There are 2 protein chains.
Amino acid sequence: MSINELFKALSDENRRKILDLLRFGDMTAGDIAKHFDISKPGISQHLSVLKNANLVYAFKKGQYVYYSLNSTVFQEVMKWIIQFNSKGEK
Amino acid sequence: MSINELFKALSDENRRKILDLLRFGDMTAGDIAKHFDISKPGISQHLSVLKNANLVYAFKKGQYVYYSLNSTVFQEVMKWIIQFNSKGEK
DNA sequence: CCTTCATTTAAGTAATTACTTAATTACTTA
DNA sequence: TAAGTAATTAAGTAATTACTTAAATGAAGG
């Protein structure tokens, strides 16, 4: 859950779009994939990057895997950003 | 100055380290390079990515080029992040 | 069980990115 | 104006990343 992993995860347009979708509620991997032109395995790989960065978590329900935003980690990024408004301390 | 360019620029560890250095004051390209193990042209390329993303700006003084943080753009990122704390509106 | 559906894993490829060294541009000063 | 320094541009390469298709896993329902 390094800050590097976090920024790397956020650096891809498709992954940010996935996060955008999840803002409105949890979704299955398949439903997420429907919003993209890329293959299901492609999406699955993006989801795994987001999961490893703790930006989302996954829970299984029957044969479906639901993905959910983990909004706590966004605060990590926020903290990093905030440094650059309060110039040159610490 | 797209949000994509911005996140791409922030996704590299060395570029984030450059931004960290600039928090404490403007620096020349050469002085920045001294803090890294990579070549000067390598740093120059990173600086150009940061400049294109509007994260820094450059001004020339004699034969030196000074780089300076452009803290206003961080607010763009901030805005993007904030969405994920206030779930599912807009 | 066997089939179907949802998802992931595996393996390969194409595109992108981060670096390198060599050459070039721009400025300064003897 | 020649020599030295700072920085960038150019061109090539190695490493990484984003995708693809095919195969494997796992749960659901006849």
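What you see is a predicted model; the values in this text were computed from it and never measured. Order of the sequence lines sets the chain letters (A, B, ...), proteins ahead of strands, with each chain counted from 1.
Distance CZ (B:Phe7) to P (C:dT17): 16 Å, rounded to an integer number of Å. A straight line from CG of A:Leu50 to P of D:dT17 spans 14 Å, rounded to a whole angstrom. Put simply, CE on A:Met27 is 15 Å from C1' on C:dT7, counting in whole angstrom units. If you take CZ of B:Phe59 and P of D:dA6, they are 17 Å apart, rounded to a whole angstrom. Look at NE2 on B:His46: it is 9 Å from P on C:dT20, rounded to the nearest Å. Atom CG in B:Leu47 sits roughly 12 Å away from atom P in C:dC19 (whole-Å rounding). Atom OH in B:Tyr66 sits roughly 13 Å away from atom C1' in D:dA7 (whole-Å rounding). Residue B:Lys60 contributes atom NZ, which lies 17 Å from atom P of D:dT5 at whole-angstrom precision.
Under the 4.5 Å side-chain heavy-atom criterion for Ile, Leu, Val, Met, Phe, Trp and Tyr, B:Leu22 and B:Tyr57 are members of distinct hydrophobic clusters.
Of the two residues near DNA chain D, B:Lys51 and B:Lys8, the one whose nearest nucleotide lies more 5' is B:Lys51. Along DNA chain D, the nucleotide closest to A:Gly62 and the one closest to A:Ser39 are compared, and the more 5′ of them pairs with A:Ser39.
Salt bridge B:Lys8/B:Glu5: absent, no basic N to carboxylate O contact under 4.0 Å.
Below the 3.5 angstrom threshold, one finds a donor paired with an acceptor across the side chain of B:Gln45 and the base of C:dT20.
Using a 4.0 Å cut-off, no side-chain N or O of B:Tyr64 falls inside it from OP1 or OP2 of D:dT8. Not one side-chain nitrogen or oxygen of A:Ser44 sits closer than 4.0 Å to the OP1 or OP2 atom of C:dT9. At the phosphate of C:dT7, OP1 or OP2 sits under 4.0 Å from a side-chain N or O atom of A:Thr28. Side-chain nitrogen and oxygen atoms of A:Tyr67 include none within less than 4.0 Å of the OP1 or OP2 phosphate oxygen of C:dA6.
C:dT28 and D:dA3 make up a base pair, with Watson-Crick or G-U wobble contacts both under 3.5 Å.
A donor and an acceptor atom, one from each side chain of A:Asn4 and A:Ser2, are nowhere located under 3.5 Å apart.
Here A:Ser48 lies out of heavy-atom contact (under 4.0 Å) with every strand. A:Phe36 comes within 4.0 angstrom of no nucleic acid atom, judged by non-hydrogen atoms across all strands.
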Practice task
Just do the salt bridge (charged side-chain N to carboxylate O under 4.0 Å, His left out) check on A:Asp20 and A:Lys17 with the steps written out, would you?
Solution key: CA-CA 5 Å; A:Asp20 265 330; A:Lys17 195 176 156 192; over 6 Å; no
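Distance from the side chain of B:Pro41 is smallest for C:dA22 among the nucleotides C:dT9, C:dA22, D:dG4. Proximity note for A:Gln63 (side chain, C-beta onward) versus D:dT8, D:dT20, D:dG26: the nearest is D:dG26.
Taken from CD1 in A:Ile81 to CZ in B:Phe74, the straight-line distance is 6.5 Å, to the nearest 0.5 Å.
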